[in-house]
Enquirer: 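First, the structure itself, so that you have it in front of you.
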Amino acid sequence: MFGECGLRLPCLGRGRRRAAAAGKELEPVLLVSGIGGSVLNARNKKTGRKICVWVRILLANLEFKKYAWSIYNPETGYVESLDPDYELVVPEDDYGLHAIDILDPSWWAKCLHLTEVYHFHDMIDMLVECGYEKGTTLFGYGYDFRQSNRIDKALDDLRVKLESAYKASGGKKVNIISHSMGGLLLRCFISLYNDVFAKYVNKWICIACPFQGAPGCINDSLLTGLQFVYGFESFFFVSRWTMHQLLIECPSIYEMLPNPDFNWKQQPVIQVWRKPSEDNEAVELDVYDSTQCISLFEEALRDNELTYNGKSIALPFNFSIFKWAADTRQILDNAQLPSSVGFYNIYGTSFDTPYDVCYGSETSPITDLSEICHTMPQYTYVDGDGTVPAESAKADGFAAVARVAVKSAHRELLKDKRVFQLLKQWLGVNENSQHSMSSSKVMDVSIEPIPTQLSTRHLL
């Protein structure tokens with residue numbers, strides 16, 4: 001099925017690997033991560049000393065609170081660390097690939113083969129084995145995923161990365177492979193720097209992008225946080241509450257709220273079983289749609305605060321970020337793909353994916369809306385990859401060369417063998433493929449999954 005090139009070519013030399021690439025010189029590939037998909041280091045502004053903050057297993061919760069907790073600056077649009085002596089930076093080692101490869105790069109995580117923190121690792125290996133060379137035809141782009149998808153630094157750094165890859169490969173246009181929120185970053189770039197994108201990019205292969213938002217996961221993340229790891233491993237990772245205090249101040253999260261102007265098959269809602277007062281025995285079910293939920297966020301988060309270095313810091317629902325995110329949505333909606341760029345969309349299916357969120361129950365209602373922040377949600381599910389509904393992921397609005405459904409979970413798509421097959425076909429490195437996916441007709445293909453164990457479900 002995969003042709004003689006197969007998934008792994010460990011015995012081939014560089015020259016023979018290049019011959020496997022359809023008998024032609026390879027075009028450069030740039031891998032772009034999503035939210036939570038880049039290593040973040042806390043760097044001391046005076047000494048330059050760096051401490052890995054995301055991802056780490058040992059002392060994860062403690063170090064995250066100390067260095068990653070942040071506050072939004074409405075004057076600049078940037079998220080700034082609460083510790084004024086430190087700033088979060090993304091390592092540029094290995095041509096940007098180090099930051100998106102194994103998210104906990106500590107030696108012991110590698111020795112123990114903790115695959116829970118492997119991100120683009122398997123895809124990088126696959127591409128190298130097909131002949132791609134780091135720094136010449138293979139590059140990575142990680143970024144500070146706390147920030148907005150249209151913030152100047154992220155877009156400027158992306159432009160520099162595209163130009164560098166273009167020049168390093170001898171003037172060949174770049175093929176981009178993005179995952180999750182990385183697709184929104186690229187869409188903002190297309191909207192604001194369309195001519196630059198057209199100059200440097202040949203193909204864009206988008207995987208699991210929440211084009212119209214991720215209703216269940218994002219609505220709940222603003223109210224109760226996100227839990228990235230489940231089971232026993234969760235005791236060694238950042239807690240749901242600790243993550244919650246960061247996400248409330250992250251523009252990137254607000255930018256993935258469900259698009260209220262999108263024509264959903266059924267509008268996503270938040271439900272609250274509520275008892276208006278202790279004296280009133282009646283229980284009501286309040287329902288909030290994408291426009292009404294703002295009042296719920298405001299009321300539920302009105303008393304939210306954290307303690308940092310002995311000081312209490314109020315973190316209510318941030319209307320400045322919400323307004324910024326609304327403007328970002330307009331930029332996203334205005335994006336026009338250059339006619340010279342081929343667009344391919346891979347999205348996950350067959351996993352229960354949070355859509356509507358409910359707090360409380362008829363027998364155990366919420367009395368005060370602030371209680372929601374300490375309540376575990378109940379979801380109504382739709383089809384998707386476990387994080388992004390298929391309805392959102394395939395609603396890119398572009399003239400796609402191919403749009404393909406793969407039965408796999410959100411992060412597992414980055415190491416799915418069927419996805420690798422598609423990538424090699426579209427990149428032209430699988431000369432023996434029986435079925436070419438490169439056509440002007442949009443394809444609606446469903447591909448069976450490889451059985452995997454899902455442990456980090458909500459990494460966007």
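Keep in mind that this is a model prediction, so the values were computed, not measured.
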Enquirer: With a 6.0 Å cut-off on ring centres, are F139 and Y141 close enough?
Expert: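 Centroid distance F139-Y141: not below 6.0 Å, so no.
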
Enquirer: Identify, with sequence neighbours excluded, every residue that meets side chain to side chain contact (heavy atoms under 4.5 Å, CB included) alongside N259.
Expert: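 Q212, D261, F262, R329, D333.
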
Enquirer: Given the side-chain rings of Y143 and F145, with only the six-membered ring counted for Trp, is the space between their centroids under 6.0 Å?
Expert: no

Enquirer: List in chain and number order the residues that pass salt bridge (charged side-chain N to carboxylate O under 4.0 Å, His left out) with K50, two or more places apart in sequence or in another chain; answer none if no residue qualifies.
Expert: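 By the salt bridge (charged side-chain N to carboxylate O under 4.0 Å, His left out) rule, K50 matches no residue at all.
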
Enquirer: List the residues meeting side chain to side chain contact (heavy atoms under 4.5 Å, CB included) with E80, not counting sequence neighbours, and say none if there are none.
Expert: N73, T76

Enquirer: Out of curiosity, D289 CG to D356 CG, how far, rounded to the nearest 0.5 Å?
Expert: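 The CG atom of D289 sits 11.0 Å away from the CG atom of D356.
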
Enquirer: Scan for side chain to side chain donor-acceptor pair (under 3.5 Å) pairs involving residues 245-255, sequence neighbours excluded, and state none if there are none.
Expert: S148-E255, N149-E255, Q245-N304, E249-N318, E255-W324, E255-T328

Enquirer: What about W241 and W69, are their ring centers closer than 6.0 Å?
Expert: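 Yes - the distance between ring centres of W241 and W69 falls below the 6.0 Å cut-off.
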
Enquirer: For atom CD of Q378, decide whether the heavy atoms of other residues, nucleotides or ligands shown that lie under 6.0 angstrom number more than 12.
Expert: no

Enquirer: Return the minimal non-hydrogen interatomic distance between V128 and L138, and the atom names on each side.
Expert: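 Closest approach of V128 to L138, heavy atoms only: CG2-CD2, 3.9 Å.
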
Enquirer: Side chains of I270 and Y359: closer than 4.5 Å at any heavy-atom pair?
Expert: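 Yes. Closest side-chain heavy atoms under 4.5 Å.
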
Enquirer: Would you be so kind as to tabulate the donor-acceptor pairs closer than 3.5 Å made by side chains of residues 182-191, with sequence neighbours excluded?
Expert:
residue, atom, partner, partner atom, Å
R187, NE, L332, O, 2.7
R187, NH1, D396, O, 2.6
R187, NH2, D396, O, 3.2
S191, OG, I331, O, 2.9

Enquirer: Identify the residue among P258, P215, S290 that makes a side-chain contact (heavy atoms from CB on, under 4.5 Å) with Q267.
Expert: S290

Enquirer: Checking S295 now: which residues fulfil side chain to side chain contact (heavy atoms under 4.5 Å, CB included) with it, not counting sequence neighbours?
Expert: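 Side chain to side chain contact (heavy atoms under 4.5 Å, CB included) list for S295, sorted by chain: Y288.
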
